[in-house]
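I have placed the structure first, in the form of structure tokens, so that the comments after it can refer back to it.
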Amino acid sequence: MAEVDHMVAKWITSNMIYIILLFAVLWLLKTKFKDLRQRWFAFFLHQVTKKPSAKLEEVKKDIFASLGSIVSHDPELRKNKAIKILEIGVGTGVNFAHYPDGSDLVAVDPNPHFSKYYNDNRKKFPNIHSCEVINSTGEEMDMIPDNSIDAVVMTLVMCSAGDNKKMLQQILRVLVPGGKFYFMEHIREFDPEKHGLKQKLQDFLSVTGIWPFLFDGCYLNRDMLSLIEGTGFSKVTAERFYAPVPYAFLKVIEPHLKGIAEK
Ligand SMILES: C[S@@+](CC[C@H](N)C(=O)[O-])C[C@H]1O[C@@H](n2cnc3c(N)ncnc32)[C@H](O)[C@@H]1O
């Protein structure tokens, strides 16, 4: 063991200049080329989501099943058995298929390069009344009035948001009393006994900044359940599970959290 440590230390010392250079280049790209990284990420996500995975769709069908039984607070929508939904971090718009007919959708996303994919996608769902994406974060949603939304939907966003506590407070603010927050997030491996190596890999890829750099600030080692539970919802029902992922390199995001929180 001491010999291995010695070899690793020797390798690091003799390659120190390259390691410093690598981190300097990564730092430069991270700070100076935000637009390029956002463009790349929108393109990447479009490629991996354009053909929905049947297994993942089944999981989502289960999560979103109760959307159909919500009765809107808005009399006009209620007349048409429709509801008002806010989707935060909408990306390319992968959740349209799960929204009840007639839904009035407001969407927020800080990455402007998703718009073209989202707009192409929403044309395929004329049964949903969607609007242009509001270019903002979930933390800064002051344009959405208090107590105005029947259901908030957020999938795979808290891994990259800057201030999840603030975003959750905003969600609570915009929901009508009794309104529901539907969430699905990839999280840090929750069974280290069985999958300790995966947890270490998630930590490594996150703390070195490699994964956040490649995938627009996404961290693999977060778990949001206690934060959601501490927000002030009247009821939180949640479950950790392994999501079916369509590609082998995405195995690191298999551990997931899904649930519904009620205001
Ligand atoms: C991994 S993608 C998921 C997109 C989509 N929700 C899905 O399930 O495919 C993460 C999304 O969250 C958005 N995002 C990142 N930080 C955010 C924030 N602070 N508030 C709202 N959206 C954010 C990104 O622009 C991106 O669209």
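Basis for what follows: all heavy atoms, side chains included, without hydrogens, waters or symmetry-related copies.
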Original post:
Are Leu45 and Leu220 connected in the hydrophobic side-chain network, where two residues link if heavy atoms are under 4.5 Å apart?
Top reply: yes

**OP:** Would you tell me whether Gln38 and Asp216 have side-chain atoms, one donor and one acceptor, within less than 3.5 Å of each other?
**Re:** no

**OP:** Mark yes when over 12 heavy atoms from residues, nucleotides or ligands other than Phe249 sit less than 6.0 Å from its CZ; otherwise mark no.
**Re:** yes

Subject >> Heavy atoms from other residues, nucleotides or ligands near NZ of Lys251 exceed 12 (cutoff 6.0 Å) >> reply: no

Subject >> Plane angle bin for Tyr117 and Phe114 - parallel if under 30°, tilted between 30 and 60°, otherwise perpendicular >> reply: perpendicular

**OP:** Apply salt bridge (charged side-chain N to carboxylate O under 4.0 Å, His left out) to Lys198 and Glu254, showing your working.
**Re:** CA-CA 10 Å; Lys198 188 189 279 176; Glu254 256 176 345; 2.8 Å; yes

Subject >> Taking every non-hydrogen atom, the tightest pair across Arg122 and Asn119 >> reply: NE-OD1, 2.9 Å

Original post:
Who passes ring pair (Phe, Tyr, Trp, His ring centres under 6.0 Å) against His98, sequence neighbours left out?
Top reply: Phe64

**OP:** Determine, using ring centers only, whether Tyr242 and Phe190 are less than 6.0 Å apart.
**Re:** yes

Original post:
Taking the six-membered ring for Trp, are Phe43 and Phe41 ring centroids under 6.0 Å apart?
Top reply: no

Original post:
Distance under 6.0 Å and angle within 45° of the ring axis: does Lys258 meet both against Phe241?
Top reply: yes

Subject >> Minimum-distance pair of heavy atoms, taken over all atoms of Leu172 and Thr231 >> reply: CD2-O, 3.4 Å

Subject >> Result of checking Tyr99, Tyr118, Phe96 against Phe125 for ring pair (Phe, Tyr, Trp, His ring centres under 6.0 Å) >> reply: Phe96

